[in-house]
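Here the structure is a predicted model, which means the values were calculated and not measured.
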Amino acid sequence: MFDKQATSFLEDLLITPSPTGFESKGQKIWAGYAGRVADEVQIDAYGSACARLNVAGAQKTLMLEAHCDEIGMIIQYIDDAGFLSINKIGGSDPAIARAKKVCIHARKGIVSGIIGNTAVHLQDRDNQKQPAWKDLFIDIGAQNREEALEMVQVGDPVTFSDDFEFLSDDLLSGRALDNRIGGFMIAEVLRNLASRIKDLKVNVIALNAVQEEIGGFGARMMSYRLMPDAALVTDVTHATDTPGINQKEHGRVKLGSGPSVTHGAGNHSGLVERIERIATDKKLPLQHEASGVRTGTDTDSIYYQQSGIPSALISVPLRYMHSPVEMVSMEDVQNLVTLMEETALSLDKTETFRVLDL
């Protein structure tokens, strides 16, 4: 499915923590890989990275976009006994944090810790409710505040220490697949297009943006600067095929049944129709989602910039979002890469997307 070079790149991305606001280490890996095939690589002040393929005579530019940041935690307070109070980065869920091993990314290196979980025998009834972040703390084995401060400080980011693993030849599980898998996919599309440059009629920019998990600010800054003529955005979406999910409320998206295209909100109908046609022509599986207000992805930050950027969201189904055991199908990943690649190759050098021509 993917060659050894791509697989090694994906592993490097997955084991390199990049919580929102602290994405630089992961971005160095991404930019280094994409830079092998790109004509130029650009990084802005906050760490969003883009790699460009220039096509001679091309008048139009397509942007492929994903976000590089992951949810996490941050040290907010250190008490006199050396325990660390924490708060969330992005949409982290305190309900799954208890009794987890964590990595604190301190200036001197990684410090290991444990999110404390009082034994059930010692809990009163009030302590058995779902915790808030203010109820949680990290134990790093320090004897007091002074000893803790020798290892960490307020403001250090924290991630779960869970690694990734293949549960089968197809299913990959781990932390931060949201949205490290997106950065992997746009880099692979760029790599594939570089090998087919003679067939490409538009310039292509791959943008791996920071700060999606707190509002899409990286994509907002870079898309305003770059102003492509169209954008294909990729992120993860909820696979709703596990027990207890109301599909009438959340839609029907199955793991292993192909990528999903979103209709409505900031998604440009002409670009969505092109994606649907390419999927049909190339016999690629495609699922469908509806978005009445916001997609909750960087699409919302891109499409309205300046005079407007025709944009479309193509997502890979993901189980257990914002947890250390997220899961994707690599067949879905491959199909999404192919769909984005073929959509890019279908664009003409004078392509213009309009909803209505008068």
Side-chain angles (χ1 to χ4, degrees), residues 13-30 45-48 67-119 122-123 126-164 174-180 209-218 320-326:
L13 282 182
L14 290 175
I15 65 174
T16 305
S18 297
T20 306
F22 305 89
E23 301 99 336
S24 60
K25 290 182 179 180
Q27 286 294 70
K28 286 180 181 178
I29 292 171
W30 187 88
Y46 275 85
S48 292
H67 73 87
C68 67
D69 57 318
E70 64 178 289
I71 60 168
M73 297 148 281
I74 193 166
I75 297 175
Q76 184 163 292
Y77 174 74
I78 303 173
D79 71 16
D80 291 340
F83 295 106
L84 318 178
S85 296
I86 52 177
N87 208 337
K88 66 178 181 177
I89 293 178
S92 299
D93 183 358
I96 63 173
R98 278 178 168 168
K100 291 290 194 302
K101 293 181 179 179
V102 295
C103 294
I104 302 165
H105 304 279
R107 293 184 181 181
K108 295 180 180 179
I110 293 177
V111 175
S112 296
I114 298 167
I115 297 182
N117 184 52
T118 302
L122 305 178
Q123 295 179 21
D126 289 340
N127 199 36
Q128 294 178 17
K129 64 183 180 181
Q130 178 172 316
W133 284 108
K134 65 182 178 63
D135 302 317
L136 300 178
F137 62 89
I138 295 176
D139 187 341
I140 57 173
Q143 298 301 308
N144 50 53
R145 187 172 191 272
E146 289 69 27
E147 188 174 326
L149 284 169
E150 292 177 2
M151 296 185 281
V152 301
Q153 69 176 38
V154 170
D156 284 342
V158 182
T159 57
F160 293 120
S161 60
D162 302 72
D163 207 345
F164 71 93
R175 188 204 85 253
L177 289 171
D178 176 12
N179 187 32
R180 213 77 88 246
V210 301
Q211 297 193 16
E212 189 271 350
E213 295 292 355
I214 59 170
F217 300 114
Y320 322 123
M321 190 181 294
H322 285 197
S323 83
V325 292
E326 296 173 339

Taking side-chain hydrogen bond (donor to acceptor under 3.5 Å, both in side chains) as the definition, give me every residue that meets it alongside Thr159, ordered by chain and number, with sequence neighbours left out. His105

Intermediate values then yes/no, side chain to side chain contact (heavy atoms under 4.5 Å, CB included), Ile89 and Ile71: CA-CA 5 Å; Ile89 293 178; Ile71 60 168; 5.9 Å; no

Does Glu23 use its side chain to pair, donor to acceptor, with the backbone of Gly21 at less than 3.5 Å? yes

Within the 4.5 Å heavy-atom criterion, are Ile96 and His322 side-chain neighbours or not? no

Could you pull out the closest heavy-atom pair between Gly155 and Phe22, with the gap in Å? O-CZ, 3.7 Å

Run the numbers on Arg180 and Ser18 for side chain to side chain contact (heavy atoms under 4.5 Å, CB included), then give the verdict. CA-CA 9 Å; Arg180 213 77 88 246; Ser18 297; 4.0 Å; yes

State, yes or no, whether a side-chain contact exists between Ser92 and Glu213 at a heavy-atom distance under 4.5 Å. no

Within the side chain of Asp139, is there an N or O that forms a donor-acceptor pair under 3.5 Å with the backbone of Ile114? no

More than 12 heavy atoms of other groups within 6.0 Å of Phe217 CZ: yes

Closest contact, heavy atoms only, Gln153 versus Asp156: N-OD2, 2.9 Å

Let's go through Ile104 and Leu84 carefully: what are the C-alpha distance in whole Å and the side-chain angles of both, what is the deciding distance for side chain to side chain contact (heavy atoms under 4.5 Å, CB included) to 0.1 Å, and is it a yes or a no? CA-CA 11 Å; Ile104 302 165; Leu84 318 178; 3.6 Å; yes

Non-hydrogen atoms of Tyr320 and Glu326 that approach each other most closely: O-CG, 3.2 Å

Under the criterion side-chain contact (heavy atoms from CB on, under 4.5 Å), which of Ile74, Ile115, Val102 is the partner of Ile86? Ile115

